[in-house]
Number of protein chains: 4
Amino acid sequence: MARPSRKEILQDFRTRSLLEATRKTLANEGFEAVTMERVAQEAGIAKGGIYLYFRNKDQMIFTALEEIASEMTQEIDTRVDPGARPWERLCQVVSAQLDSMERHKDVLRTLLLIRWHMGNSRQRKKWQRLLKYRTRHLERIRAILDEGLRANIFRLLDTAAGAFYINEMAIGTAQRRMMGLSGSSLEADRRSLIEFIKPLVLDQKTLST
Amino acid sequence: MARPSRKEILQDFRTRSLLEATRKTLANEGFEAVTMERVAQEAGIAKGGIYLYFRNKDQMIFTALEEIASEMTQEIDTRVDPGARPWERLCQVVSAQLDSMERHKDVLRTLLLIRWHMGNSRQRKKWQRLLKYRTRHLERIRAILDEGLRANIFRLLDTAAGAFYINEMAIGTAQRRMMGLSGSSLEADRRSLIEFIKPLVLDQKTLST
Amino acid sequence: MARPSRKEILQDFRTRSLLEATRKTLANEGFEAVTMERVAQEAGIAKGGIYLYFRNKDQMIFTALEEIASEMTQEIDTRVDPGARPWERLCQVVSAQLDSMERHKDVLRTLLLIRWHMGNSRQRKKWQRLLKYRTRHLERIRAILDEGLRANIFRLLDTAAGAFYINEMAIGTAQRRMMGLSGSSLEADRRSLIEFIKPLVLDQKTLST
Amino acid sequence: MARPSRKEILQDFRTRSLLEATRKTLANEGFEAVTMERVAQEAGIAKGGIYLYFRNKDQMIFTALEEIASEMTQEIDTRVDPGARPWERLCQVVSAQLDSMERHKDVLRTLLLIRWHMGNSRQRKKWQRLLKYRTRHLERIRAILDEGLRANIFRLLDTAAGAFYINEMAIGTAQRRMMGLSGSSLEADRRSLIEFIKPLVLDQKTLST
DNA sequence: CATGAATGAGGCTTCATTCAT
DNA sequence: GATGAATGAAGCCTCATTCAT
């Protein structure tokens with residue numbers, strides 16, 4: 001395998017710095033605070049230099065967001081034990097998702113902004129690729145539900161819909177925390193959500209949390 | 001009661017035009033497309049004229065959004081039969097909410113943006129007042145859950161949390177439709193959501209939809 | 001003599017209100033705070049109504065300033081005893097001028113602004129008429145100096161120049177007070193100035209203050 | 001010592017152009033004519049470019065004014081012979097001040113405007129720093145008077161007050177010239193002023209001009 | 001006459017992007 | 001390649017003046 005050349009290493013480093021700076025600014029000061037000037041400075045690169053690594057501002061932000069989405073997906077994957085039984089796995093996914101969102105609380109705000117942009121036909125294309133991560137996550141949940149259904153552990157339901165709702169509740173929970181409206185600990189919020197979806201399980205005597 | 005004078009009528013008409021223009025722009029082209037110049041033009045008013053009706057851009061947008069929130073709240077109220085039994089009322093609320101969100105699909109996007117702004121401490125105050133409508137809605141749902149709980153119809157649950165989750169699922173559903181990702185009819189989405197929360201009811205044999 | 005008609009009385013009252021409002025605003029908040037809107041409101045007249053009494057903003061301000069200049073001139077006249085001897089009269093004039101400027105401290109600022117405008121050839125004409133009051137004042141002082149000279153009381157000097165310098169010192173004193181840089185009482189400032197011009201008098205043993 | 005780089009030279013040139021343009025506009029058309037647009041054009045720079053050299057309009061004007069004040073101070077310093085005797089030095093200062101003001105006649109107008117702004121409590125802070133030059137000048141005069149007093153050459157007087165009055169007369173003289181009201185040559189005005197303050201000297205036989 | 005809503009020119013400032021060095 | 005000065009299009013807001021009612 002070709003060892004990365006000196007040039008490639010530098011390019012990579014610069015790209016990383018820029019993305020880091022973008023995320024940091026996004027997190028600390030919000031979308032409107034992200035100016036090329038600011039990001040460049042934070043990354044220790046000249047303003048004009050950004051354009052060597054990104055086509056334009058939109059693409060830079062897009063890439064930063066995609067990176068976060070990707071990280072979150074991975075974080076969740078890591079936390080799920082493929083050998084566990086469906087309900088346990090579901091709990092793991094939900095818990096991992098809440099944790100991950102909490103950790104990325106600050107940028108989550110912007111990440112969720114794409115939901116908003118997706119409603120605008122003109123901008124749709126620009127952000128569409130980020131949906132991939134959402135879809136993947138929904139399918140992960142759905143697979144668990146399907147398995148539970150086949151094993152006759154879960155109540156009969158439209159698993160696609162179920163996955164969707166569970167994800168929405170998790171996101172809502174994270175958003176509420178982000179807005180400072182939660183009032184409970186993350187752990188309490190987690191328990192609450194799991195409690196709410198527990199009726200999915202037919203024989204509740206068998207449940208652990 | 002004093003009949004509105006000619007002047008008042010005109011004032012009202014102008015204010016309406018501006019709000020309409022704001023909503024329309026907001027809906028069609030998104031938040032960043034809302035320019036004083038543009039709104040003025042769309043409303044058939046000179047640029048400077050806006051400031052006769054609104055203190056500044058923020059207040060204009062705020063008013064437009066609040067109006068929508070208020071309309072939605074009222075639309076839902078109208079659709080709920082206070083005499084109906086808890087589960088029926090819950091279904092009415094959810095259905096009404098979905099309908100209302102569908103009707104205001106375009107601006108809903110922006111309305112939900114406040115979730116985003118609320119995460120930015122600097123802008124928090126500006127939008128905080130809009131939370132009133134959310135709170136009111138959550139309490140409406142919670143009251144129904146409480147009543148059902150007291151009547152021993154609903155499964156035991158934290159009603160505040162329950163209200164929160166139901167609302168999140170409804171909003172998520174609307175958002176999905178808005179993003180063009182639903183694929184089903186509104187009616188199908190409604191059934192799906194209601195189906196998902198049906199386990200709340202203890203004796204499901206008694207259920208109508 | 002024709003008794004002023006009802007209409008004329010009203011016109012006069014309105015004009016007065018507007019000038020008063022102009023002066024008040026000028027005094028309290030400075031030149032840039034004088035907007036037609038504000039003055040109209042303060043005067044209890046509709047914005048458009050101003051144009052029934054003044055050709056435009058400039059003329060309104062001009063008239064207000066002229067009024068003040070005129071008042072100051074009169075105030076000084078009142079304070080001078082035509083029968084007194086030259087040095088006493090000089091002291092009276094200077095004292096009266098300082099008092100009057102102190103009383104009109106706030107608007108004096110704007111009044112002196114015309115010195116500034118007079119340097120701009122384009123605006124010169126607009127304010128030139130206000131010079132009348134300055135000229136009159138200088139002549140008043142000069143007449144006193146002339147008389148003192150003829151009576152052999154004052155040291156030989158160019159009386160026109162002397163009048164000019166004395167006036168400048170008085171204005172400077174008032175300005176210093178206005179800028180909050182004086183630190184002394186008005187009375188102390190008065191004494192100081194008179195002390196400084198005392199060498200004008202040949203035989204200082206005869207002096208009272 | 002580091003030779004100024006090409007970049008620094010250019011930066012300096014731009015700054016100079018802008019300040020020059022500001023002064024010119026200030027001089028020719030007055031304070032209100034100073035527009036960012038206009039200054040930029042006059043300096044041959046794009047509108048937005050100004051902000052590379054000045055934080056905002058206020059700072060730009062402030063800098064221009066301070067520059068003038070500083071130049072004038074230096075011009076006067078250059079003209080005073082530290083070895084000369086008090087009265088000669090006083091004459092040198094006054095002459096230099098009149099010359100300097102004559103040379104900067106055009107902008108002097110605006111420089112004196114700070115007297116006006118200083119009367120407005122809201123703007124006071126903004127211009128306060130310019131008072132430094134005035135204070136320095138007053139102290140220069142005062143030091144001369146003090147020395148003359150100690151040497152028993154000057155008549156007894158409050159030297160601080162004396163410095164103040166002399167300065168006011170000089171400024172007044174310059175202003176009168178600026179307003180086109182002088183009618184005499186600068187030299188005549190100079191003589192006149194010096195003549196007026198001559199009584200400060202006790203033994204006038206010793207005087208040269 | 002009187003009103004004040006409406007106009008629209010004009011001012012300040014920001015910022016993505018380009019390009020000479 | 002890298003830099004950052006320069007550009008200029010927008011954006012928000014103010015306010016003297018006009019004019020329909």
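Just the heavy atoms: all of them, side chains too, but no hydrogens, waters or symmetry mates, feed the values below. In what follows, chains carry the letters A, B, and so on, assigned in the order in which the sequence lines appear, proteins first and then strands, with residues in each chain numbered from 1. What you are looking at is a predicted structure, and each value in this text was computed from that prediction instead of being measured.
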Using atom [atom1] of [X] as one end and atom [atom2] of [N] as the other, report the distance to the nearest whole Å.
| X | N | atom1 | atom2 | value |
| --- | --- | --- | --- | --- |
| B:I50 | F:dC13 | CD1 | C1' | 11 Å |
| C:Q41 | F:dC15 | CD | P | 13 Å |
| A:Y51 | F:dG1 | OH | C1' | 17 Å |
| B:N56 | F:dG11 | CG | P | 17 Å |
| A:R14 | F:dT3 | CZ | C1' | 10 Å |

Query raised in the report: Nearest to the side chain of A:Y53, which nucleotide is it out of F:dA16, F:dG4, F:dA2?
Result: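 Of the options given, the side chain of A:Y53 lies nearest F:dA2.
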Query raised in the report: Any idea which of F:dA16, F:dC12, F:dG1 is nearest the A:L52 side chain?
Result: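 Among the listed nucleotides, the one closest to the side chain of A:L52 is F:dG1.
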Query raised in the report: Taking only N and O in the side chain of B:T35, is any of them less than 4.0 Å away from OP1 or OP2 of F:dG11?
Result: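 Yes, such a contact exists.
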Query raised in the report: Any side-chain heavy atom of C:L112 sitting closer than 4.5 Å to one from C:L108?
Result: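 In contact.
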Query - Whichever of D:G44 and B:G49 has its nearest DNA chain F nucleotide further upstream toward 5' - result: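 The 5'-side residue here is D:G44.
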Query raised in the report: With nearest nucleotides of DNA chain F determined for C:E37 and D:K47 from heavy-atom distances, which residue corresponds to the more 5′ nucleotide?
Result: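 Per heavy-atom nearest nucleotide, the more 5' residue is D:K47.
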Query - Base-pairing string, 5' to 3', of DNA chain F - Watson-Crick or wobble, under 3.5 Å, | interstrand - result: .||||||||||||||||||||
Query raised in the report: Which atoms form the tightest heavy-atom contact between C:V107 and C:A27, and what is the distance?
Result: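 Heavy atoms of C:V107 and C:A27 come nearest at CG2-CB, 4.2 Å.
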Report task. Looking only at non-hydrogen atoms, find the nearest pair between D:A21 and D:E42 and report the distance. Result ->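 Answer, listing the atom of D:A21 first, then D:E42: CB-CB, 3.7 Å.
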**Report entry** Donor-acceptor contact present, side-chain A:K24 to main-chain A:L19, <3.5 Å
**Finding:**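 Judged by distance alone, no pair lies under 3.5 Å.
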Would you classify [X] as touching base, sugar-phosphate or nothing, given that sugar-phosphate means primed atoms plus P, OP1 and OP2, and contacts are heavy atoms under 4.0 Å?
| X | result |
| --- | --- |
| A:V39 | nothing |
| D:I45 | sugar-phosphate |
| D:R38 | nothing |

Query raised in the report: More 5' along DNA chain E: C:G48 or D:K57, using each one's nearest nucleotide?
Result: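 Nearer the 5' end of the strand: C:G48.
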Query raised in the report: Hey, which of these two, B:Q11 or A:R55, hits DNA chain E nearer its 5' end, going by closest nucleotide?
Result: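 This one resolves to B:Q11.
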Requested in this report: Output the distance between atom OG1 (D:T22) and atom CE (D:M60), rounded to the nearest 0.5 Å.
Outcome: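 Output value for this atom pair is 3.5 Å.
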Query raised in the report: Can you give the first and last nucleotides of DNA chain E, 5' to 3', that have an atom under 4.0 Å from a heavy atom of chain B?
Result: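 Under 4.0 Å from chain B, the extent on DNA chain E is E:dA5 to E:dG10.
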Query - From CA spacing to verdict: side chain to side chain contact (heavy atoms under 4.5 Å, CB included), B:W127, B:I61 - result: CA-CA 10 Å; B:W127 305 100; B:I61 292 181; 3.9 Å; yes
Under 4.0 Å between a side-chain nitrogen and a carboxylate oxygen: does that hold for [X] and [Y]?
| X | Y | answer |
| --- | --- | --- |
| B:R38 | B:E29 | yes |
| A:R23 | A:E71 | yes |
| D:E67 | D:R16 | yes |

